[in-house]
Amino acid sequence: MRIDVVTIFPEYLEPLNVSLVGKARAAGRLDVRVHDLRGWAHDRHNTVDDTPYGGGPGMVMMTGPWGEALDDVLADGYETGAARPALVVPTPSGRPFTQALAVELAASPWLIFAPARYEGIDTRVTAEYATRLPVHEVSIGDYVLAGGEAAVLVITEAVARLLPGVLGNAQSHADDSFAPGPMADLLEGPVYTKPPQWRGRGIPDVLLSGHHGKIARWRRDEALRRTTAHRPDLIRRADPAAFDKKDREM
Ligand SMILES: Nc1cc(-c2ccc3cc[nH]c3c2)n[nH]1
């Protein structure tokens, strides 16, 4: 997968050089290119924003630099044989970012992120590129950030870990919260590791029993308990029949 990010804060994307995404880049599984939008702002001050039509507070990011930047990124990708990308625009007013959307985006060979600042990007930019590309306006949650770069980090990590070979053998996204299967849409339960005693706190006996069926059932019950407590809205989506089937297999 190729990922391009156009931003006025390229340094904000430094975390994409470390850990899971950094390793995927070093292994050649992910090609991430970060571009400074101001490189396409040609006035003396490299201006990328202006006052909003209709008045109101704040500034709006201008069409000019975004149009030139996205055209150049697209031209570069197409010249190097990249397939058609999707444009991902983080915004509080976007489609909720979920594991399902992460899976959808992970199927794309090329993502171009357009994180905004100020009050956002002139709407004509996304309208223009929506005539040529899939455009995903995506919200990572019901809270307001000062810009879209943090959302790019979140989305990139959630997508990258789904790419083949990115998660090591010791890890797996098969048991993710929200992954398909009998635990679908349930939050993950508690986890434990050595030492067996810590500040007077031990390990649930079932986890030491070696009885895989009982362990699986305990984990399922704990996931149900935690989901009921923290995300009751997800319970109705869990498939009780899948539990019954899984119970029979335990
Ligand atoms: N889910 C979510 C996205 C954002 C966001 C995205 C872009 C900009 C640009 C200026 N403020 C922004 C906020 N906040 N919360």
Side-chain angles (χ1 to χ4, degrees), residues 1-37 39 66 69-91 94-116 126 129 132-141 145 147-181 183-185 187-188 191 193:
M1 178 184 280
R2 171 169 170 168
I3 290 180
D4 287 88
V5 187
V6 179
T7 170
I8 60 171
F9 292 123
E11 64 276 18
Y12 204 107
L13 283 302
E14 283 299 309
L16 296 182
N17 294 316
V18 300
S19 187
L20 176 126
V21 174
K23 288 189 176 73
R25 294 174 72 178
R29 298 184 197 282
L30 201 51
D31 171 11
V32 178
R33 305 172 193 212
V34 180
H35 313 273
D36 187 340
L37 178 66
W66 277 107
L70 293 175
D71 284 352
D72 281 358
V73 167
L74 285 166
D76 175 77
Y78 289 139
E79 276 159 23
T80 57
R84 193 174 71 142
L87 181 64
V88 181
V89 184
T91 169
R95 174 181 169 193
F97 184 61
T98 62
Q99 191 66 15
L101 182 49
V103 170
E104 184 181 333
L105 295 178
S108 174
W110 181 16
L111 299 177
I112 300 175
F113 285 99
T126 46
Y129 288 93
R132 309 183 219 170
L133 310 168
V135 175
H136 300 279
E137 294 187 300
V138 178
S139 166
I140 60 166
L145 301 166
E149 285 80 5
V152 173
L153 296 177
V154 166
I155 296 166
T156 298
E157 178 159 320
V159 168
R161 65 186 295 279
L162 295 174
L163 299 178
V166 171
L167 273 189
N169 295 332
Q171 303 161 289
S172 163
H173 44 73
D175 302 333
D176 278 351
S177 294
F178 312 109
M183 303 288 274
D185 291 344
L187 304 180
E188 288 175 6
V191 289
T193 187

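Index from 1, following the sequence.
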Practice item. Take V18 and K23, measure what side-chain contact (heavy atoms from CB on, under 4.5 Å) needs, and give me the verdict at the end. Key: CA-CA 7 Å; V18 300; K23 288 189 176 73; over 6 Å; no

Point to revise | D4 and F113: CA distance, side-chain angles, deciding distance, side-chain contact (heavy atoms from CB on, under 4.5 Å) verdict | key: CA-CA 6 Å; D4 287 88; F113 285 99; over 6 Å; no

Check your understanding: Hey, mind stepping through Y12 and V5 against side-chain contact (heavy atoms from CB on, under 4.5 Å) and telling me if it holds?
Key -> CA-CA 11 Å; Y12 204 107; V5 187; over 6 Å; no

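Note that CZ of R95 is 12.0 Å distant from CD of E137, once rounded to the nearest 0.5 Å. R161 CZ to S19 OG: the interatomic distance, rounded to the nearest 0.5 Å, is 11.5 Å. A distance of 9.0 Å separates CG of L20 from CG of L163, quoted to the nearest 0.5 Å.
L13 has its side chain out of reach of E11: every pair of non-hydrogen atoms, C-beta onward, lies at least 4.5 Å apart. Taking the side chain as every heavy atom from C-beta outward, I112 and L74 approach each other to under 4.5 Å. In this structure, V138 and V89 have side chains that are not in contact, with every pair of non-hydrogen atoms separated by 4.5 Å or more. At a threshold of 4.5 Å between non-hydrogen side-chain atoms, the residues P134 and L87 do not count as touching. Looking at L30 and V21, their side chains come closer than 4.5 Å, going by heavy atoms from C-beta outward. L16 places a side-chain heavy atom less than 4.5 Å from the side chain of R25. A heavy-atom distance below 4.5 Å is not found between the side chains of S139 and T91. W66 places a side-chain heavy atom less than 4.5 Å from the side chain of L37.
Between the side chains of E149 and T7, at least one donor N or O sits under 3.5 Å from an acceptor N or O.
The closest donor-acceptor contact from the side chain of N17 to the backbone of E14 lies under 3.5 Å. Judged by distance alone, the side chain of R29 and the main-chain N or O of G165 form a donor-acceptor pair under 3.5 Å. Between the side chain of R84 and the backbone N or O of R132, at least one donor-acceptor pair lies under 3.5 Å. In this structure, the side chain of T80 engages the main chain of G77 through a donor-acceptor pair within 3.5 Å.
Here W110 and Y78 bring their ring centres to under 6.0 angstrom of each other.
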